[in-house]
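Here is the naming used below: chain letters follow the sequence lines, and residue numbers restart at 1 for every chain.
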2 protein chains.
Amino acid sequence: MADNKDPGRLLAARGYKLTRQRKAILNVLTGNGQHLTAEEVHQQVQSQCPAVNLVTVYRNLNLMAELGVIGRVDFGDGRARFEARAEHHHHLLCLKCGRVVELNICPLDYVTEPVTEHRFRVIGHRFKVFGYCAECKYLMEDDTGGI
Amino acid sequence: MADNKDPGRLLAARGYKLTRQRKAILNVLTGNGQHLTAEEVHQQVQSQCPAVNLVTVYRNLNLMAELGVIGRVDFGDGRARFEARAEHHHHLLCLKCGRVVELNICPLDYVTEPVTEHRFRVIGHRFKVFGYCAECKYLMEDDTGGI
DNA sequence: AGCCTAAATGCAAAAAACTTGCATTTATAA
DNA sequence: TTATAAATGCAAGTTTTTTGCATTTAGGCT
């Protein structure tokens, strides 16, 4: 469970203290949820580590995201979400049930030419697709869908 | 200058009033800037229409974006940006000088298979690339760049 | 095992971006 | 010109995230 790539180890290896709070936050992210807001992490952390402050949750999520120990995602709803998986990947979101699917393909690979044409040095990119998952689209079959 | 696709006409055609404030906001977006925050629109509007309230700017930007008369963009910095161009497109951003280039290709076209494999009904998507533009990357030649 | 110190936490308060309620003003159409 | 629904302005409220500062604590050292 605590292999060499365990986020906790990664933190410790960089000289950060492995506090009760940090362990609990990492447990929540790796164990349970997939893409949680700071608020959600805070709530879920409470059950295993009673009185952790929301500010501490924010500070640690930010720290770990900067260190690349966890991933930060923006679903465009005005709050940041965090996930255990830190490697580069993209998301497919269901607008109805909130389901999130991780995409393993990367669109940048297919559009490098049009991008390099502008002589940019590419540092990063974001891609997300939203729609209705198999189940939700079934339940909404008569709906035309818009956009 | 005021053709049939003029945003003002589009508003009027839908029964919205063409107020002094709305005209000024549209002028700012179509004329001057490319991708402005509400705050920036507000500032620029002041020069041609003295005391427009920031709230009015927000309300109108939201309205027009919903009507599809202007476009709303999210560059991931925690504030919405607005642009005159409403048709679907993507962006290339310079992390140093803030330059924005409009991309005319759409990556979704190249990754439909991996996406439909998950049996989603796709409604929309977002793609943005960030890096350093030709000028900025030249100025930073000795910098390795990170990420 | 106990101590030391920098690092981490908690609390309260602030910042930033955006929204809402309500009274007043105004664009449009009769 | 007037009536009226829509739009605006103002003040106050939300929501999410950050900051300052006093207190606590993890982890190294003895």
Side-chain angles (χ1 to χ4, degrees), chain A residues 2 6-29 35-46 48-67 69-82, chain B residues 2 6-28 35-46 48-67 69-70 72-82:
Chain A
D6 168 71
R9 299 272 163 122
L10 286 174
L11 278 186
R14 302 233 213 171
Y16 292 96
K17 293 182 182 176
L18 222 41
T19 62
R20 193 165 27 95
Q21 293 90 333
R22 277 179 188 161
K23 284 180 207 158
I25 292 170
L26 282 171
N27 279 345
V28 165
L29 284 180
H35 304 84
L36 305 176
T37 63
E39 192 69 47
E40 286 165 344
V41 172
H42 182 228
Q43 276 163 17
Q44 298 197 23
V45 151
Q46 310 257 3
Q48 62 176 279
C49 180
V52 180
N53 199 284
L54 177 61
V55 172
T56 299
V57 172
Y58 268 106
R59 275 196 277 232
N60 283 315
L61 290 174
N62 283 340
L63 172 74
M64 296 191 234
E66 264 153 44
L67 292 175
V69 168
I70 61 173
R72 178 197 295 265
V73 206
D74 176 11
F75 286 172
D77 62 349
R79 54 223 158 119
R81 284 159 196 276
F82 299 87
Chain B
D6 169 71
R9 299 273 162 121
L10 287 173
L11 277 184
R14 303 232 212 172
Y16 293 95
K17 293 182 180 173
L18 222 42
T19 61
R20 194 167 26 97
Q21 293 88 334
R22 279 179 187 160
K23 283 180 208 158
I25 291 169
L26 282 170
N27 278 346
V28 166
H35 304 83
L36 305 176
T37 64
E39 190 69 48
E40 287 166 343
V41 172
H42 182 229
Q43 276 164 17
Q44 298 197 24
V45 151
Q46 311 258 3
Q48 63 177 278
C49 182
V52 180
N53 198 285
L54 177 59
V55 173
T56 298
V57 173
Y58 269 106
R59 276 194 277 233
N60 283 316
L61 290 173
N62 283 340
L63 171 74
M64 298 191 229
E66 264 152 44
L67 292 176
V69 168
I70 60 172
R72 178 197 295 267
V73 207
D74 175 12
F75 286 171
D77 62 348
R79 54 225 158 118
R81 283 158 197 278
F82 300 87

Per-nucleotide protein contact string for nucleotides 22-30 of chain D (B base, S sugar-phosphate only, - none; heavy atom under 4.0 Å) | ---BBS---

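One interatomic measurement links the two molecules: CD of B:Glu39 to C1' of C:dC18, which rounds to 11 Å at whole-angstrom precision. Rounded to whole angstrom, the span from the CG atom of B:Leu63 across to the C1' atom of C:dT20 amounts to 16 Å. Computed from coordinates, the A:Leu36 CG to D:dT17 C1' distance equals 17 Å when rounded to whole Å. B:Glu40 places its CD atom 15 Å from the C1' atom of C:dC18, with the value rounded to the nearest Å. Rounded to an integer number of Å, the gap from CD of B:Gln43 to P of C:dA17 is 11 Å. Nucleotide D:dT18 holds its P atom 15 Å from the NE2 atom of A:His42, rounded to whole Å. Nucleotide D:dT18 holds its P atom 11 Å from the CZ atom of A:Arg59, rounded to whole Å. In this structure, the CG atom of A:Leu67 is 10 Å from the P atom of C:dA8, given to the nearest Å.
Using a 4.0 Å cut-off on heavy atoms, the residues of residues 73-81 of chain B that approach DNA chain C are B:Gly78, B:Arg79, B:Ala80, listed by number.
A 4.5 Å side-chain heavy-atom check between B:Leu36 and B:Val28 finds at least one atom pair inside the cut-off.
Across all non-hydrogen atoms, the minimal contact from B:His35 to B:Arg81 is O-NH1, 3.5 Å.
For the helix from C:dA1-D:dT30 to C:dA30-D:dT1, the end axes, each set by the C1' atoms of five terminal pairs, are bent relative to each other by 30° (nearest 10°).
Between the CD1 atom in B:Ile25 and the CD atom in B:Gln48 there is a gap of 9.5 Å [rounded to 0.5 Å].
Side-chain N/O atoms of A:Tyr58 include none lying less than 4.0 angstrom from OP1 or OP2 on D:dT18. Between D:dT17 and A:Asn62, no contact under 4.0 Å exists linking OP1 or OP2 to a side-chain N or O. Side-chain N/O atoms of B:Arg22 include one lying less than 4.0 angstrom from OP1 or OP2 on D:dA7. Between A:Asn53 and C:dT9 there is no side-chain N or O to OP1 or OP2 distance below 4.0 Å. B:Asn60 has a side-chain polar atom (N or O) that falls below the 4.0 Å cut-off from OP1 or OP2 of D:dT8.
Here B:Arg79 pairs with B:Asp77 under the side chain to side chain donor-acceptor pair (under 3.5 Å) rule; sequence neighbours left out. Taking A:Glu39 as the reference, nothing meets the side chain to side chain donor-acceptor pair (under 3.5 Å) condition, with sequence neighbours excluded. Listed by chain and number, the residues in a side chain to side chain donor-acceptor pair (under 3.5 Å) with A:Gln43 amount to none (sequence neighbours excluded). Partners of B:Gln46 by side chain to side chain donor-acceptor pair (under 3.5 Å), not counting sequence neighbours, listed by chain and number: B:His42.
The number of heavy atoms from other shown groups lying within 6.0 Å of OH (A:Tyr16) does not exceed 12.
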Check: residues 57-66 of chain A side-chain donor-acceptor pairs under 3.5 Å, at least two apart:
| unit_1 | atom_1 | unit_2 | atom_2 | d |
| --- | --- | --- | --- | --- |
| A:Asn60 | OD1 | A:Arg22 | NE | 2.7 |
| A:Asn60 | OD1 | A:Arg22 | NH2 | 3.3 |
| A:Asn60 | ND2 | A:Thr56 | O | 3.1 |
| A:Asn62 | OD1 | A:Arg72 | NH2 | 2.6 |
| A:Asn62 | ND2 | A:Tyr58 | O | 3.4 |

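When each of A:Gly15 and B:Ala38 is assigned the nucleotide of DNA chain C bearing its nearest heavy atom, the one mapping closer to the 5' terminus is A:Gly15.
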